[in-house]
Every structure is written in structure tokens, then in C-alpha cells.
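Worth knowing before you read on, the calculation uses all heavy atoms, side chains too, and leaves out hydrogens, waters and symmetry mates. In what follows, every chain begins at residue 1, and chains take the letters A, B, ... in the order their sequences are listed.
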2 protein chains.
Amino acid sequence: MKNFHRSRSLKPTAKQVAHVAGVSLAAVSRAFTPGASLDVEKRKRILAVAEEIGYLSPARRTAEAISATTITLVAGDLLNPFYPFVLDTLAKQLQESERQLLVYALAANTDVDSVTEQILAARPSAIIVTSAHLTSSMARACRQHQIKVVLLNRIQRDIRINAVACDNFQGGRDAGRLLLERGYRKIALVGGVANTSTHVERVRGLRDVLAEAGGAIHAQAFGNFTYKGGYTAGKTLLSVPDAPDAIFCCNDIMALAVIDVAREFGLRIPEDLAVIGFDDIPMASWNSYGLTTIRQPVERMVMEALKIIDDPTIKPSDDGIITMLPGTLVTRSSA
Amino acid sequence: MKNFHRSRSLKPTAKQVAHVAGVSLAAVSRAFTPGASLDVEKRKRILAVAEEIGYLSPARRTAEAISATTITLVAGDLLNPFYPFVLDTLAKQLQESERQLLVYALAANTDVDSVTEQILAARPSAIIVTSAHLTSSMARACRQHQIKVVLLNRIQRDIRINAVACDNFQGGRDAGRLLLERGYRKIALVGGVANTSTHVERVRGLRDVLAEAGGAIHAQAFGNFTYKGGYTAGKTLLSVPDAPDAIFCCNDIMALAVIDVAREFGLRIPEDLAVIGFDDIPMASWNSYGLTTIRQPVERMVMEALKIIDDPTIKPSDDGIITMLPGTLVTRSSA
DNA sequence: TACTCCTATGAAAATTTTTCAATCAGCTTC
DNA sequence: GAAGCTGATTGAAAAATTTTCATAGGAGTA
């Protein structure tokens with residue numbers, strides 16, 4: 001009986017579902033109608049059979065068709081100017097292929113679970129997640145619903161999910177090498193959030209290149225990837241007797257904050273203190289900052305993410321592909 | 001025959017449409033199926049009758065149901081940090097009411113027409129437009145499709161459309177008065193884009209309060225609401241012999257640019273030059289700027305926009321309601 | 001001219017949703 | 001405790017809609 005549907009024509013019908021599930025035709029229809037009166041258990045069983053056979057109600061089918069052109073962006077931190085830039089790039093690329101962009105903004109420091117249900121209810125064809133932690137339960141749910149997920153600017157190896165990111169390790173190395181070349185020796189770090197790949201890899205790169213030169217990170221503090229956090233971290237680092245002569249920051253806004261602190265301390269940049277950031281947000285090039293930084297190739301990152309989404313040979317259930325793109329060291333006046 | 005449908009039950013059926021249009025039932029179904037083989041004229045006629053009677057095919061009905069919970073945001077300038085803030089606020093408020101947010105990002109200086117078709121094809125329940133010019137043809141199309149439109153942070157009286165904005169005139173006055181009170185007399189202006197309400201009203205407010213005190217705008221330049229534009233404008237204003245002692249900028253990023261120029265010119269702020277902006281973006285409160293500005297009540301603006309959208313007594317075809325909310329003068333170190 | 005191929009079409013078949021009447025369980029009322 | 005009411009659940013049947021099928025007509029072509 002399990003292969004009942006194979007013997008019939010191509011498209012599975014409600015009648016078949018009804019037969020297999022041992023219920024009336026009406027029940028099948030009701031199972032697909034939210035709010036219809038139907039025993040919870042029975043509905044569950046019908047839906048299971050339908051999935052097994054591959055049946056979709058007409059309403060479900062049109063819903064599917066609509067959402068097939070929709071991509072959901074889950075953005076964690078829109079107040080960091082890097083992400084609006086990503087959003088803008090993504091929106092424009094999607095417009096070109098006549099697709100829609102749904103946006104969810106997460107409150108600070110929350111993971112995706114708070115909106116999982118809403119996102120899945122909208123049944124997008126794919127989800128792009130930036131700067132937010134994806135829980136394994138969400139990852140599992142997406143696999144189950146055949147929705148592709150791509151992490152942008154973050155890599156999570158725990159859940160084996162697609163990811164596109166800048167080569168953060170190399171970026172960290174580039175920053176460190178520049179500082180060494182310019183003669184700085186007391187190189188400190190303003191980190192972001194400890195368990196994020198952007199933080200970890202960038203720091204690893206810096207540490208790596210310093211170690212090669214026989215050095216180490218002079219001091220470090222965490223700035224939570226925010227201006228405020230960077231400001232506090234900068235103050236902490238510069239307030240001690242043996243203050244650093246260079247600070248590598250895990251992103252640009254924190255770097256800008258550190259520059260602001262340095263100014264308050266009366267330090268000349270880059271003579272007394274060199275500062276390097278990461279991202280190359282628009283403000284980095286503003287005259288009052290002139291921040292030396294690692295530019296992330298946002299356009300290419302977005303393109304690669306869409307490539308993964310559009311590649312039919314990559315299945316949602318596959319183990320994730322990790323795409324790493326090189327960043328560019330942009331030298332301005334701060335280092 | 002025109003009132004044929006009134007005699008029948010509540011829900012119009014395809015049969016009725018077929019009868020009125022004088023075609024077969026199958027033809028009606030086909031009219032609603034994209035790609036189905038049907039004479040173009042006949043399809044048009046059927047669709048017209050259907051609209052007249054109020055019939056929607058099941059597929060169309062579910063599509064309608066889905067998009068009923070979708071609101072489209074058309075954002076003009078995501079690189080100005082004010083708008084990500086709006087987007088973030090809107091996204092979070094919509095998440096609370098389980099609605100979806102579709103985002104379109106327009107390329108710089110384009111009007112909405114470039115994406116009109118895409119937007120209408122998605123049939124959102126409402127559209128919120130920030131910082132982009134709405135053409136009258138788009139406005140007409142939305143009326144016709146029964147889609148509510150709300151302009152956010154912009155007022156266009158030419159097309160009589162709903163709008164929510166800060167009281168820009170009053171904001172301009174507040175800024176001007178503060179400068180006068182602090183003893184500045186050579187007050188210059190860095191404008192945004194000439195034909196936008198945000199520019200016009202803010203300037204009018206400034207001019208108004210200066211005139212009351214028997215003065216006038218000392219000099220002016222346009223900055224296009226961008227950092228770069230503001231930078232150039234600032235240079236122009238400060239390079240002349242009789243330079244201003246205060247500059248009011250029509251938004252914050254331009255004000256930040258002007259501060260940067262002033263620093264290059266070796267001017268002390270606020271002693272040699274006072275600067276006031278408009279918006280209160282996060283950067284305005286950063287230590288290196290300490291920008292005095294008019295804060296826009298973004299949360300309330302978004303709430304008011306949604307209130308208009310959710311109010312069933314306001315019809316898409318109605319003449320627009322204009323909601324004006326007071327801004328707040330935030331005094332920091334720049335003036 | 002005859003033939004082919006394609007679009008267009010209504011009738012009828014197939015499919016799905018909705019209505020309707022019946023059943024049943026849990027409460028309330030007497 | 002019995003009778004009665006209410007509302008959820010259900011399958012059969014009716015209604016509505018989509019799809020199939022056979023046919024007709026027209027444009028292009030050998």
C-alpha cells in the first residue's frame with residue numbers, strides 16, 4: 001500500500017491521500033485548511049501521508065509558487081552600517097532577477113529562534129542570515145522544509161550550513177603585517193563577540209602573524225561589535241600604564257570608537273596610536289577618520305550567496321559549502 | 001444583466017462570470033491561469049467582468065490572503081544611517097503583528113517607477129515609501145489596486161497621498177532659534193535636495209525664525225543629503241571671506257561632513273563655528289562629533305504609518321492624511 | 001490544394017472545496 | 001440521574017473549479 005501512488009498518474013491527488021490515510025476526501029481538504037474542524041491527530045496523520053505521497057493542496061501549491069520567488073534576509077544588527085550596505089546590495093541584485101526580499105530584523109543579541117515560526121510560515125525559497133546566530137533546531141527545520149540557508153559574513157561549523165564570508169583569517173594577518181611593517185610592536189586587540197567566526201578568525205589571523213614575528217597580542221578587550229562597546233574597550237586599553245601603540249579592531253565602528261577615545265586622550269593618529277578596522281563601511285573613508293581597514297567584497301559575497309541559492313545541484317539537505325573571498329587592505333591615514 | 005450577481009448568494013462564482021461574459025466556465029478558469037491558451041481580448045473581457053462582479057479565482061484568493069499580511073517598504077537611500085533605523089523599527093513592529101516586510105532598495109536618485117511593476121505584482125496590502133519620489137502614475141496605480149500608500153519622512157502635496165513626517169518647519173525654527181539665542185548671527189545653510197519636503201520645510205523654518213529676528217540666511221549650498229555633498233558644500237561655505245559662524249544642515253550626515261571640513265579649516269566647534277543637523281542618527285552622539293540636532297521620533301512615525309495602514313475607515317482611494325509629529329531639539333557640543 | 005502544426009474552445013471528466021445532516025461527547029438544567 | 005443543549009467532528013453529497021479531450025479554425029508550407 002505504501003507505493004500506492006507510484007501506480008497512479010504523475011500528480012498525486014487528495015483522493016489517494018484519503019485512501020491511504022483511511023479518511024474521507026473532505027477530511028483531506030480540511031487538513032489543509034487552517035481553522036477547519038478536524039481532529040488534531042487525524043490532521044497530523046493526513047499531512048504526514050500527504051508529504052509521503054507528495055500531495056499539496058491547490059492553495060498550498062499557489063502559496064509555494066509565490067514564495068518561490070521570495071528570499072528572506074534575517075539581519076541581526078542593522079545599526080552597524082555594514083549590514084544596510086549588504087541589504088542594499090542584496091535588494092538590488094534580487095530586483096534584477098524579479099525576486100522579492102523579505103526582511104526580518106532581530107533584536108540585539110537574540111538568535112533566530114524568536115522568528116523561526118514566522119519565517120517558516122512564509123515558506124521562502126531561501127534564507128540568508130547575517131550577523132545572527134543560527135540555532136541547530138532552525139537549521140534542522142529548514143532542511144526539513146527544503147529551504148536553502150546561507151550564512152553571510154559568518155561561518156558556523158557546528159551545523160554544517162552554507163556560508164559565504166570574507167577570508168577573515170587572512171584579513172587579520174594582513175592587518176597585523178601592516179602594523180608590524182610600520183614598526184608598531186605593542187599591538188592590542190578590540191574583539192567583537194567571542195563565539196562568532198568573524199571575531200575568532202580575525203583574531204586568529206592577527207595572532208598568527210604576530211607569532212611569526214615572535215610577538216603576541218599586547219592586550220585585548222571586547223567591544224561587542226558596537227560603537228559603545230568599542231568606546232569602552234578603547235578606554236580600557238588606553239588607560240593602563242603600558243598602553244599599546246596600535247589597536248586592531250574586529251570591525252569598523254569599534255575602530256572609529258577607538259579613534260574617538262584616542263583623540264580624547266590627546267593621542268596623535270597614527271604617530272602615537274595606529275588603528276585598523278575591518279569591513280570598510282562608508283564612514284571609514286570620512287575625512288575625520290581616514291580609517292585603514294580590510295574591505296569586505298560585499299557585492300561578490302552577495303553574488304556568491306545567490307549562486308549557492310540558485311544552483312540546483314546544491315540541495316538544502318546537503319552539507320554546507322563554505323565560500324571564502326579575499327578582503328582588501330585599504331590603507332588610509334590611521335595606520 | 002449588470003446586477004445579475006446581486007440576486008445570487010454572497011460569494012460570486014466563476015459560473016456567474018462565465019454567464020455574464022458569455023463564455024464557457026473553462027474560459028473563466030483559463031483567464032486566471034497565466035500561460036493558458038486564451039484569446040487576449042477574451043481574457044481581458046473576462047477579467048473585467050470578474051472585477052465587476054467581485055470574483056477571484058481560488059489561486060488569486062490565496063495569493064491575496066498571503067499578501068494581505070505583507071507590507072512593502074520602498075527605501076530610497078539606505079546608505080544614510082537614518083533609514084536603516086527606520087527599517088529596523090518597522091521590521092520589529094511588523095514582526096509583533098506577525099506581518100511580513102518586503103523591501104525594495106532604489107538606486108540613488110531614481111523614482112519609484114523603476115520597480116512599480118514588481119511591487120504591484122507582489123500585491124502588498126500596503127506600501128511605505130521613504131526618501132524616494134513617488135510618481136503620480138504609481139500613486140494612481142496603487143489607488144486602482146486598492147493598495148494603501150504612506151510616505152514616511154516626506155510629504156508630497158501634488159498627489160494627495162498619506163504621509164507621516166516630523167514637523168520639519170518647527171524643527172527648522174527650533175534650530176534657528178537656538179543659534180540666535182547662542183548669539184550666532186551669520187547663519188548659513190547646507191540644503192539637501194531642492195524639491196523635497198524635508199529640505200523645503202526645514203529651510204522655511206530656519207528662514208522664518210531668522211526673519212522674525214530681522215535677519216536672513218547668510219549663505220547657502222546644497223549637499224544632496226549625502227556626506228560627500230555635505231563635505232563639498234561645507235568647503236564652499238567656509239572658503240569665502242565672510243564665512244558663516246553657524247551652519248544649519250538639513251540632515252545629520254551632511255552636518256557631520258561640515259564638522260569634518262571645519263576641523264580641516266582649524267575651526268573650533270562651537271566657538272568658531274556652530275553646526276546643527278537634523279535626524280539624530282546614532283553617529284550624532286558619537287564623542288568625536290557631539291552633534292546638536294533635531295531628533296525625529298522614528299518609533300512614533302512608524303507607529304503612525306501603521307495606524308493609517310490598519311485603520312479600515314481610511315480607504316486607499318481617499319485623499320491623503322498628513323500626520324506631523326514634533327521633533328526634539330537635542331543639544332550636544334556642536335552648538 | 002492538401003497537409004501539418006498550433007491556437008483557441010466548450011463539453012465533459014477529474015479534482016477539490018463546501019455544505020449538510022448525523023453522530024457524539026461534555027455540560028447544564030431540572 | 002435523565003433530558004436537553006451546544007459545539008466539535010465526520011462522511012456523503014453538492015457545488016465549484018481545474019484539467020482533459022476532442023474538435024475547429026487558421027497560418028504556414030510542401
Side-chain angles (χ1 to χ4, degrees), chain A residues 1 3-69 121 123, chain B residues 1 3-69 121 123:
Chain A
M1 192 58 80
N3 282 337
F4 176 78
H5 60 288
R6 295 203 192 283
S7 59
R8 306 290 297 117
S9 68
L10 298 91
K11 216 165 63 187
T13 71
K15 206 168 169 183
Q16 292 168 40
V17 176
H19 187 170
V20 176
V23 296
S24 74
L25 187 57
V28 176
S29 176
R30 284 194 267 260
F32 280 92
T33 310
S37 173
L38 189 67
D39 181 72
V40 184
E41 277 308 311
K42 185 177 276 193
R43 165 171 281 144
K44 208 178 284 178
R45 184 154 45 91
I46 294 173
L47 257 27
V49 172
E51 176 135 10
E52 158 90 24
I53 294 187
Y55 171 77
L56 285 178
S57 73
R60 193 63 133 245
R61 224 160 17 232
T62 61
E64 211 91 340
I66 292 173
S67 54
T69 62
R123 303 188 153 265
Chain B
M1 190 59 77
N3 283 337
F4 174 76
H5 59 287
R6 294 205 193 283
S7 59
R8 306 290 296 119
S9 68
L10 297 92
K11 215 164 67 187
T13 72
K15 206 168 168 184
Q16 292 167 41
V17 176
H19 187 170
V20 176
V23 296
S24 74
L25 189 55
V28 176
S29 176
R30 282 193 266 260
F32 280 93
T33 309
S37 173
L38 188 67
D39 181 75
V40 185
E41 278 308 310
K42 186 178 277 193
R43 165 171 281 144
K44 207 178 288 179
R45 184 153 46 90
I46 293 173
L47 256 28
V49 172
E51 175 134 13
E52 159 90 23
I53 293 187
Y55 171 78
L56 285 177
S57 74
R60 192 65 132 243
R61 218 153 29 224
T62 61
E64 211 90 340
I66 291 172
S67 55
T69 63
R123 300 187 155 266

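- To the nearest angstrom, C1' of C/dT16 lies 14 Å from CD1 of A/Ile46.
- If you measure from atom CZ of A/Arg60 to atom C1' of D/dT18, you get 20 Å, rounded to the nearest angstrom.
- More than 12 heavy atoms of other residues, nucleotides or ligands shown are found within 6.0 angstrom of CD on A/Glu64.
- Projected onto DNA chain C by closest heavy-atom contact, B/Ala27 and B/Arg61 fall at different nucleotides, the more 5' of which corresponds to B/Ala27.
- Look at CG on B/Leu25: it is 12 Å from P on D/dT19, rounded to the nearest Å.
- Contact detail for B/Tyr55 and B/Pro58: the closest heavy-atom pair is OH-CD, 4.0 Å.
- What separates CG of B/Leu56 from P of D/dT17 is a distance of 11 Å, to the nearest Å.
- Proximity of B/Arg60 to B/Arg123: side-chain heavy atoms (C-beta onward) are separated by under 4.5 Å at one or more points.
- Contact annotation: B/Tyr55 reaches the phosphate of D/dT17 (side-chain N/O to OP1 or OP2, under 4.0 Å).
- For B/Ala26, the side-chain atoms get nearest to D/dT19 when compared with the rest of D/dT17, D/dA12, D/dT19.
- Residue A/Ser24 places its side chain closer to D/dG11 than to any other of D/dT17, D/dG11, C/dT16.
- Between the NZ atom of B/Lys15 and the P atom of D/dA14 there is a distance of 14 Å, rounded to whole Å.
- The nearest pair of heavy atoms linking B/Ala31 to B/Ile46 is CB-CG2, 3.6 Å.
- For A/Glu41 and A/Lys44, the salt-bridge test passes: some basic side-chain N is under 4.0 Å from an acidic carboxylate O.
- Side-chain proximity of A/Arg30 to the nucleotides C/dT17, C/dG10, D/dG11 is greatest for D/dG11.
- Residues A/Glu52 and A/Val20 form no side-chain contact, since every pair of their non-hydrogen atoms from C-beta on lies 4.5 Å or further apart.
- Near DNA chain D, meaning a heavy atom under 4.0 Å from it, residues 32-45 of chain A has A/Ser37, A/Leu38, A/Asp39, A/Lys42 in order of number.
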